[in-house]
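Only one structure is covered here, and it is reproduced in the block below.
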Amino acid sequence: MSEILTLSGLSCHYDKIIALSDVSLSIQSGEIVSLIGANGAGKTTLLRTISGLNSASSGSIHFEGTDITSLSPDKRVISGIAQVPEGRGLFSILSVEDNILLGAYTRKDAQIHTDLEDVYRRFPILKEKRNQYAGTLSGGQQQMVAVGRALMSCPKLLLLDEPSMGLAPIIVEDIFSAIMELRDQGVTVFIVEQNAFLALEHSDRTYVLENGSIVSEGNSKEMLHNESIIEAYLGR
Ligand SMILES: Nc1ncnc2c1ncn2[C@@H]1O[C@H](COP(=O)(O)OP(=O)(O)O)[C@@H](O)[C@H]1O
Ligand SMILES: [Mg+2]
């Protein structure tokens, strides 16, 4: 396995608020890695800094060995990083299909239609509803649209911010099955979750973020049995 993403000493500020402080982590190609932490820990800020929507105040981000710390967000998409944002970020009065196609905005190639069909194969309900306004779909179906849109840029690394938020448990399982299937097809996945149990159950390795700093890291299945993780994050 080779390293696909490396963060070294990454910090990020909002004015005087320090949201991330000296964060270092690495993700190997083909892994599912999760990041857990309480509300306000800095999880979204970390994902947005990787995708270039927030800028780092110090430290570096390497993707496939190349320094992308000051690359624009669209160039990061072209190089293979796609993000499914917290709250999904759909345009509710655009159709399902138009929302999905927005994910191909960096592309001009002839493969776009084939990749759209691939999204529909993965999520058949979206094909049925392709002409409906995205805002009329259920929460789970909207999350499928958000994942489908991200896949339209053919990412090597998929960043997911709280994919389970607001969804019923049975729907969450569908979304996570789709994520596991993506990994089997060669996509590396970095999932941010407030639901620590879900994250640990579905990932290979997990990092724990507290107040903008990584405080722990390990094999996800082992962390499920770690006393301090159980006490702080699993509530049992
Ligand atoms: N746009 C912003 N402006 C100012 N502070 C922000 C902004 N976004 C987030 N923060 C602050 O940064 C910290 C981390 O937030 P965030 O990354 O959203 O955490 P999480 O996703 O773990 O809930 C919090 O203290 C939050 O209030
Ligand atoms: Mg968040």
Side-chain angles (χ1 to χ4, degrees), residues 5-27 32-61 63 68-70 72-73 76-77 81-90 139-140 142-147 149-150 155 157-169 171-172 175-176 179 189-203 205-218 220 223 226 228-235:
L5 183 79
T6 313
L7 310 183
S8 312
L10 200 68
S11 298
C12 184
H13 295 75
Y14 297 104
D15 281 326
K16 292 196 179 97
I17 300 171
I18 300 171
L20 293 177
S21 171
D22 198 20
V23 169
S24 295
L25 63 80
S26 62
I27 297 179
I32 298 185
V33 174
S34 72
L35 177 75
I36 61 174
N39 193 18
K43 304 182 299 300
T44 294
T45 304
L46 184 59
L47 279 201
R48 289 174 58 89
T49 310
I50 296 169
S51 56
L53 300 170
N54 286 1
S55 41
S57 26
S58 58
S60 68
I61 306 169
F63 180 66
I68 60 159
T69 318
S70 26
S72 63
R76 295 190 203 198
V77 172
I81 301 176
Q83 182 171 357
V84 179
E86 185 175 305
R88 301 162 200 129
L90 300 185
Q142 291 192 20
Q143 189 61 265
M144 291 172 196
V145 175
V147 172
R149 179 184 55 191
L157 174 66
L158 183 65
L159 310 172
L160 293 140
D161 196 348
E162 308 251 10
S164 77
M165 194 192 274
L167 304 183
I171 308 298
V172 169
I175 297 287
F176 273 87
I179 295 168
V189 182
F190 189 32
I191 310 174
V192 156
E193 263 293 344
Q194 215 181 118
N195 184 328
F197 185 71
L198 267 177
L200 291 167
E201 279 269 283
H202 293 92
S203 59
R205 280 190 310 120
T206 295
Y207 288 90
V208 182
L209 193 67
E210 273 178 23
N211 297 320
S213 299
I214 302 282
V215 294
S216 168
E217 185 242 322
S220 303
M223 284 170 101
N226 175 311
S228 59
I229 296 288
I230 291 171
E231 200 177 311
Y233 294 100
L234 301 175

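Remember, it's 1-based here, ligands and their atoms both numbered in the order they're listed.
Taken to the nearest 0.5 Å, the CZ atom of R76 stands 7.0 Å off from the OG1 atom of T69. Separation of atoms CG (L20) and NE2 (H13) is listed at 9.5 Å; rounding is to 0.5 Å. A distance of 3.5 Å separates OG1 of T44 from CD of E86, quoted to the nearest 0.5 Å. In this structure, OG on S213 lies 14.5 Å from OH on Y207, to the nearest 0.5 angstrom. Here R88 contributes atom CZ and M165 contributes atom CE; the two are 8.5 Å apart, rounded to the nearest 0.5 Å. Taking CZ from R48 and OG from S55, the interatomic distance works out to 10.5 Å, rounded to the nearest 0.5 Å.
Closest to atom 19 (O) of ligand 1, if we only count protein heavy atoms, is G42 N, 3.1 Å. When only non-hydrogen protein atoms are considered, atom 12 (O) of ligand 1 lies nearest to Y14 CE1, 3.5 Å. Of the protein's non-hydrogen atoms, the one nearest atom 17 (O) of ligand 1 is T45 OG1, 2.5 Å.
Every atom of ligand 1 is numbered from 1 in the order shown, and the set under 4.0 Å from a heavy atom of T44 is 17 (O), 18 (O), 20 (P), 21 (O). Near N39, with a cut-off below 4.0 Å to any heavy atom, the atoms of ligand 1 are 23 (O). For ligand 1, the atoms lying closer than 4.0 Å to a non-hydrogen atom of A38 are 22 (O). Contact atoms of ligand 1 toward A19: 12 (O) (distance under 4.0 Å to a heavy atom of the residue).
Under the 4.0 angstrom criterion, atom 27 (O) of ligand 1 counts as lacking any protein heavy-atom contact. The protein reaches atom 6 (C) of ligand 1 closely, with a heavy atom under 4.0 angstrom from it.
Residue A41 has at least one nitrogen or oxygen atom sitting less than 3.5 Å from a nitrogen or oxygen atom of ligand 1, judged on distance alone.
If you check the side chains of S220 and T206, you find a donor sitting under 3.5 Å from an acceptor.
Contact between G212 and ligand 1 is absent, with no heavy atom of the residue lying under 4.0 Å from the ligand. At least one heavy atom of G40 sits closer than 4.0 Å to an atom of ligand 1.
In summary, an N, O or S atom of T44 is located under 2.8 Å from the Mg ion (ligand 2).
Closest to the Mg ion (ligand 2) among the N, O or S atoms of E86 is OE1.
No donor-acceptor pair under 3.5 Å is formed between the side chain of K43 and the backbone N or O of I191.
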Stepwise, does the side-chain contact (heavy atoms from CB on, under 4.5 Å) test hold for I81 with I68? CA-CA 11 Å; I81 301 176; I68 60 159; 3.6 Å; yes

